[in-house]
Amino acid sequence: MRFIDTHTHIVDEAFEGEREVVIERAMAAGVSKMVQADVDSIERAQMFSLCEANKGVFFPMLGLYPGSVTENWKDEISELEGWFSHGPVAIGEIGLDYHYGAETKELQKEALRVQFELAAEHDLPVNIHLREATADFLAILKDCKHLHLRGNMHAYSGSVETYAELQKYGDFSLGIGGVLTFKNSKLPEVVAAVPLSRLLLETDAPYLAPVPLRGTRNESANIPIIAAKVAEIKGVSLGEVAAVTTQNAEKLFNL
Ligand code: NI
C-alpha cells in the first residue's frame with residue numbers, strides 16, 4: 001500500500017536532528033511521497049534544500065503563509081520569483097487566517113490575490129490555509145474565477161455547503177488530516193458526503209497528530225491512521241483509500 005502526505009513541514013525545528021529517522025518511519029509505513037508546505041523566507045532555503053536532497057520523496061510548495069503576512073509582504077512575494085526554477089509543485093500554503101491574524105486582514109487579502117495570479121501564471125495548483133475567513137475567501141475566489149484555479153483546501157474545517165460553493169469558482173479537493181479522528185469533529189460528516197476522488201491525506205506535521213497520538217509531535221508515518229478512519233467512514237477498504245487518494249495527489253500536484 002502506498003500513501004502520500006500532501007501537507008507537512010519536515011523543515012520545522014521539531015524535527016531537528018531526527019529527519020532521517022522520520023523519513024525512514026514514513027517509508028516503512030508506506031508513505032512514499034511528502035509534499036512540503038512553504039511558510040516564508042525564513043525557512044524556505046532549508047526546505048528547498050531538503051527537497052533537493054530527497055528528490056522523488058519530498059516535493060516543495062512555494063508561497064507566503066497568511067500568518068507570515070506583515071507590512072513587508074510585497075518584499076516577501078518578490079522573493080518567491082527566484083524559486084520557480086526549483087520545481088515547486090504548488091503555491092502554498094497560502095490563504096487567510098483571521099484567528100491569529102485579525103489585524104492583517106487587508107494585507108492577507110492582497111497577498112492572496114497576488115499569489116492566485118502567480119499560480120495561474122505558472123499553471124500550478126494552490127494549497128489553501130483557511131481559518132475563520134470563509135466569506136472573504138469565497139469572495140476573492142469568485143473575483144478570481146477567470147484564473148481557473150485548482151487546488152486543495154489544507155486541513156479542511158468547513159462544511160459540505162462550503163465545499164460545494166468552492167467548486168463554483170475553481171476545482172478544489174479537500175485535505176483530510178488528524179482532526180478527522182478528534183472527538184466532536186465535524187469532519188466525518190464532510191468525509192461521508194464528499195467523494196473519495198476529491199479527498200487527499202495530509203498530516204500538517206508536526207501539528208495535529210491523530211488520536212490516539214493527539215497532542216504528540218505528528219509525522220508522516222501517521223498517515224495510515226487517518227486513512228483507516230476515512231476507510232471506516234466511507235465503508236471501503238484501506239487499500240482503496242490508499243490507491244484513490246494517492247492517485248488524487250499525484251494528479252493534482254503532478255508528482
Ligand atoms: Ni501547514
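Note that ligands are numbered from 1 as they come in the structure, with each ligand's atoms numbered from 1 the same way.
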If only atom types and distance count, is the side chain of Thr6 paired as donor or acceptor with the main-chain N or O of Leu201 below 3.5 Å? yes

Enumerate the residue pairs fulfilling ring-ring contact (aromatic ring centres under 6.0 Å, His included) with a member in residues 9-30, sequence neighbours excluded, ordered by first and then second residue. His7-His9

Under 2.8 Å from the Ni ion (ligand 1), protein N/O/S atoms total 4

Judged by atom type as modelled, is there a donor-acceptor pair below 3.5 Å linking the side chain of Lys234 to the main-chain atoms of Val191? yes

Can you list the residues that meet the ring pair (Phe, Tyr, Trp, His ring centres under 6.0 Å) rule with Phe116, with sequence neighbours excluded? none

What pair of heavy atoms forms the shortest contact from Glu202 to Ile226, and how long is it? O-CD1, 3.4 Å

Please list, chain by chain and in numerical order, all residues satisfying ring pair (Phe, Tyr, Trp, His ring centres under 6.0 Å) with Trp73, sequence neighbours excluded. none

